[in-house]
A.B. asks: 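Here it is, the structure, as structure tokens.
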Amino acid sequence: MRDKISSWLQRTTSFVVLVICFLSFTTVAEGQGQRAVLANGLTVLIKENHTLPIVTTMLFYKFGSRNEPLGDSGRAHMTEHMMFKGSRQYGKGEMDAIVRKAGGWLDAKITMDFTSYSINLPAKEWTTALAIEADRLRDCNFEPTAFEAEKKVVVEEGKMRLDLPFVVFKDKLKQVACQGQPYSNLLFGHLEDVAAFSLTSVKKFYDLYYQPNNAVLVVVGDIQSSKALRQITKFFGPIPRGPTPPPITNKNWEQKQSRKLESRADVPYSIIEITFQAPACRSQDGYAMRLLNHVLTNGKCSLLNKKLVIEQPYFHEVFSDYPETMAPYLIFVAAELKTGVKRTKAEQILLQELENLKTVPLADQEIEQAKNQIEAEFVFLQENIQSQANFIGQSELLSASADPSHYLQGIEAVTSQDIQRVAQKYFINQRRTIGWLLPDSE
Amino acid sequence: MVTTRFRITENSKGRWKALGFLVFLLISLAGCSNKLAVQMSPTRTVLANGLTVIVQEDHSLPVVSLLFSVKAGAINEPDTKAGLASFVVRLLTQGAPLDQLVAKLEFVGGRFLTDADRTNSIVASQVLSKDLTLALDLLSCSLTKAPFEPKQVALERESIILELTEAENDPVSVGQKMFDKLIYGTHPFYRPISGYKQTIKAITRQDLLNYYHNYYVPNNTVLAIVGDIKTRKILTKIKKQFASWEKRPISRPVIPAVAAQKSIKQSKLLMARQQTHIFLGNLGVKRNNRDYYTLLVLDVILGSEGMTARIPQVLRDTLGLAYQAYSNITASAGTEPGVFESYLAVSPENTEKAISKLLQEIRTIQHEPVSDQELADAKTYLTGSYYFDLQGTEAMAEYLVFCENHGLPFNYLNKYPNYINSVTKQAIQRAANKYLQPEAYTLVVVGPK
């Protein structure tokens, strides 16, 4: 059965690379996507989906908080806000109004690695998204009054985060674990810095990274690929290629010894969160780590949940997270302590479980379950064009291949030995940071 | 072959009725601006035991979603047992033989969800279509044979109490609970769905079983099943699967009516935080209110999330006072009255100013008609965007259950654009005056001194 689903996925998810001039003569098998690169360097990925008369357009820029100077971040986020405050053809608030009027909505997201803009529209209006994205790609307004007002909004957004103890803790943990590395930069920056940002410095950031050759455009929905590409070329083609953005000054990241963090907040129980330096996610080690992450905590019957929450209830809940990042980053394993469980015991028991993975191979059944879960998640994701567009764009950024079948093949190939190998390679003391979030009252 | 779950019709003339998706393509490629509407063709069957089954085929992906909706929620609990409905759903995933079935479903990557809101409880699953039998086995066990084992009752009680403790630190949760309490008075909606620590402690295993046996009966349940299935085959299967689930009479508490407030009610709660959270509003409307569609348009113009509506535009865009600023009256409209509620999170020193600006916007929409442009834009937004909410088998199953529970025809979306397009400026102003109360509101403020 597994083969049947795999072959179905293979059939419906692959991408065909096209040379633009032959595009109109190419017949593409149903379910396949198309990939093209415009002369100015803009990568274009198109996937038809005719289930409903709607289209999602996403423009990914290859920068995030890790592209900012160490410890001086927040401008990447600030530019994302300014992108809604007007451009050459659109006054402040007009983009939102035009998209709404057309029956859609727009949104944006910034991560450590990339910034993405998403416009969702009825199919008959979808090119409005192209008009907006092409206009603000190089001609965002940066009007001074709007900039000052928006800084206040960004500060309020930051304050909202400061009221969330787990979010604050996670930021601190990240800073300790990635000390001296670009991933230690705070996505939102320090609030006092944000309040003091100059328009010039933010505009300078914009000029460096908002270039067609630093972007990936993804369109998914009820469109005809060849016609869509012609329209995309019409809007984006005239934008000249920009200078290549500066490389990330990423020193060779090698943690030499284990680190610790202890933090306090108004929380009802203690939380332990352990991180290890982890491999780049779309690599052989990365696929094994992805599966391992699933085996550890995905579902009631997952390894840590079964052992440490159900059978021997040390914890209320256990979580793990292996974020998909462009460069090697971290895997997080966290647990909420039950009342009466000693911190030393909790730490020891959690570390022991991770240690066991190095010596005791996982059962085939456990690997099979994690593979089934990842595959099923992938199929469910195909039901929604926004999720599809996001997945395609991220795949292109993470592995320079929008073809999800590569990802699925990578997962499929993982063996029990691979998982044991990555546990041995990455779950080691000097790559580790142990964080504690403790109740104020304790 | 991609097939579609919808038949597309041309709204005005009906010429293209039932010709399938190709028609839409032809129309759109021809560049016409026809108003298109969605028509679904589910099969609705009531089984001998009273279980309502709605089946919609959709073969676009090898996926099936099953959604059981039981007409019972927090509204059915006695005051002293607040939190009972959500306590029950948490135990519908545990104990023998459920544990084994959950493990089997997890193995194949299926999803399983149980949840309770104020008026309904759901037991749902999404699986690859090859795993349909597994999902049905699990769901039927969950609905008819949950064991409520004492050990698990104790563990779940502990988890709920912990979550309630956690919520005590969350200003948004604290503020929302106080807002509901002030708005609803003695109506059961004044209670939080998750209950209170003392009521959770007071709930016995027998209470859980009584609630389960009383409400979890086929004649109180709707099942929507959407996806890669054959209607006739699945109906036969379901009849067999639920043959022993017996019809029983249900006893329900009498729900008191809730009256609109006549004067201002206020509460200020102190919490040492960076921001002050403001909740302002009044009693809202039921979903079957005749002005519902007018209020949908009003929501888009006045306060829907995003940056275009007046409240976020003034408080966020122009004044830079808040990152989050919105208001809404239709989202909470159900079989019981919902609320008109505005929410702002601002720096403490801006609290008074933000409240005053918010009230000013509410008064303005009462005193002045909205502009032609605002009205036209809100209409095109509402009539264009609803397709996005219909993506996927899960969303479709939710839509079908929603129609069933609110007595709406399954093809009601066909009429939806007409309902929206017939809303006038005068109707919005009348509705604003009738349903928004800037002189007799409830205000809850949570934040530092």
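Values in this document were obtained by computation on a predicted structure and should not be read as measured data. Letters go in sequence order (proteins before strands), and every chain restarts at 1.
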A.B. asks: Counting C-beta onward and ignoring hydrogens, is there a side-chain heavy-atom pair between B:Glu106 and B:Phe112 closer than 4.5 Å?
C.D. replies: no

A.B. asks: Count the heavy-atom pairs under 4.5 Å between each of A:Ala149, A:Gly299, A:Pro165 and chain B, then report the option with the highest count.
C.D. replies: A:Gly299

A.B. asks: Tell me, side chain or backbone of B:Thr318 under 4.5 Å from chain A's heavy atoms, or both, or neither?
C.D. replies: backbone

A.B. asks: Measure A:Ile374 against the heavy atoms of chain B and call it side chain, backbone, both or neither at under 4.5 Å.
C.D. replies: neither

A.B. asks: Most heavy-atom pairs under 4.5 angstrom with chain B, which of A:Glu366, A:Lys338, A:His294?
C.D. replies: A:Lys338

A.B. asks: Checking B:Gln373 against chain A: side chain, backbone, both or neither under 4.5 Å from a heavy atom?
C.D. replies: side chain

A.B. asks: Most heavy-atom pairs under 4.5 angstrom with chain A, which of B:Leu155, B:Leu315, B:Thr165, B:Asp317?
C.D. replies: B:Asp317

A.B. asks: Would you say that A:Phe84 contacts A:Tyr90 through its side chain, given a criterion of any heavy-atom pair below 4.5 Å between the two side chains?
C.D. replies: no

A.B. asks: If I measure from the heavy atoms of chain A, does B:Glu158 come under 4.5 Å with its side chain, its backbone, both, or neither?
C.D. replies: side chain

A.B. asks: What part of B:Leu321 gets closer than 4.5 Å to chain A, counting heavy atoms only: side chain, backbone, both or neither?
C.D. replies: backbone

A.B. asks: Determine the option with the most heavy-atom pairs under 4.5 angstrom with chain A, choosing from B:Ala272, B:Ala376, B:Gly110, B:Gly109.
C.D. replies: B:Gly109

A.B. asks: So which of A:Glu377, A:Glu150, A:Lys92 has the largest heavy-atom pair count under 4.5 angstrom toward chain B?
C.D. replies: A:Lys92

A.B. asks: Ring centroid separation for A:Trp105 and B:Tyr381, is it under 6.0 angstrom?
C.D. replies: no

A.B. asks: Using a cut-off of under 4.5 Å on heavy-atom pairs, state which of A:Thr339, A:Leu162, A:Val153, A:Val155 scores highest against chain B.
C.D. replies: A:Val153

A.B. asks: Could you list the residues that satisfy side-chain hydrogen bond (donor to acceptor under 3.5 Å, both in side chains) with A:Arg264, not counting sequence neighbours?
C.D. replies: none

A.B. asks: Among B:Thr383, B:Asp170, B:Leu162, B:Val102, who wins on heavy-atom pairs under 4.5 Å with chain A?
C.D. replies: B:Leu162

A.B. asks: With a 4.5 angstrom heavy-atom cut-off, could you sort out which part of A:Val309 is near chain B: side chain, backbone, both or neither?
C.D. replies: neither

A.B. asks: Does A:Glu156 reach the side chain of B:Ser347, with side-chain heavy atoms less than 4.5 Å apart?
C.D. replies: yes

A.B. asks: For A:Thr127, give me all partners under side chain to side chain contact (heavy atoms under 4.5 Å, CB included), at least two apart in sequence or on another chain.
C.D. replies: A:Leu130, A:Gln231, A:Phe235

A.B. asks: Heavy-atom cut-off 4.5 Å, strictly under: side chain, backbone, both or neither for B:Gln94 against chain A?
C.D. replies: both

A.B. asks: Please rank B:Val346, B:Asn169, B:Asn350 by heavy-atom pairs under 4.5 Å with chain A and give me the top one.
C.D. replies: B:Asn169

A.B. asks: Heavy-atom pairs under 4.5 Å with chain B: which of A:Glu157, A:Lys151, A:Gln373 has the most?
C.D. replies: A:Glu157

A.B. asks: Strictly below 4.0 Å, N to O, side chains only: are B:Arg273 and A:Asp266 in salt-bridge contact?
C.D. replies: yes

A.B. asks: Quick one: pull up CG in B:Leu319 and NZ in A:Lys152 and give me the separation to the nearest 0.5 Å.
C.D. replies: 7.5 Å

A.B. asks: Are B:Arg90 and B:Glu163 within salt-bridge range, i.e. N to O under 4.0 Å?
C.D. replies: yes

A.B. asks: Any idea which of B:Ala322, B:Ala103, B:Ala395 has the most non-hydrogen atom pairs under 4.5 angstrom with chain A?
C.D. replies: B:Ala322

A.B. asks: Regarding B:Lys197 and B:Glu168, does a basic nitrogen lie under 4.0 Å from an acidic carboxylate oxygen?
C.D. replies: yes

A.B. asks: Should A:Glu383 and B:Gln126 be marked as a side chain to side chain donor-acceptor pair (under 3.5 Å) after you check the CA-CA gap, both sets of side-chain angles, and the distance that decides it?
C.D. replies: CA-CA 12 Å; A:Glu383 289 200 324; B:Gln126 185 178 38; 3.0 Å; yes

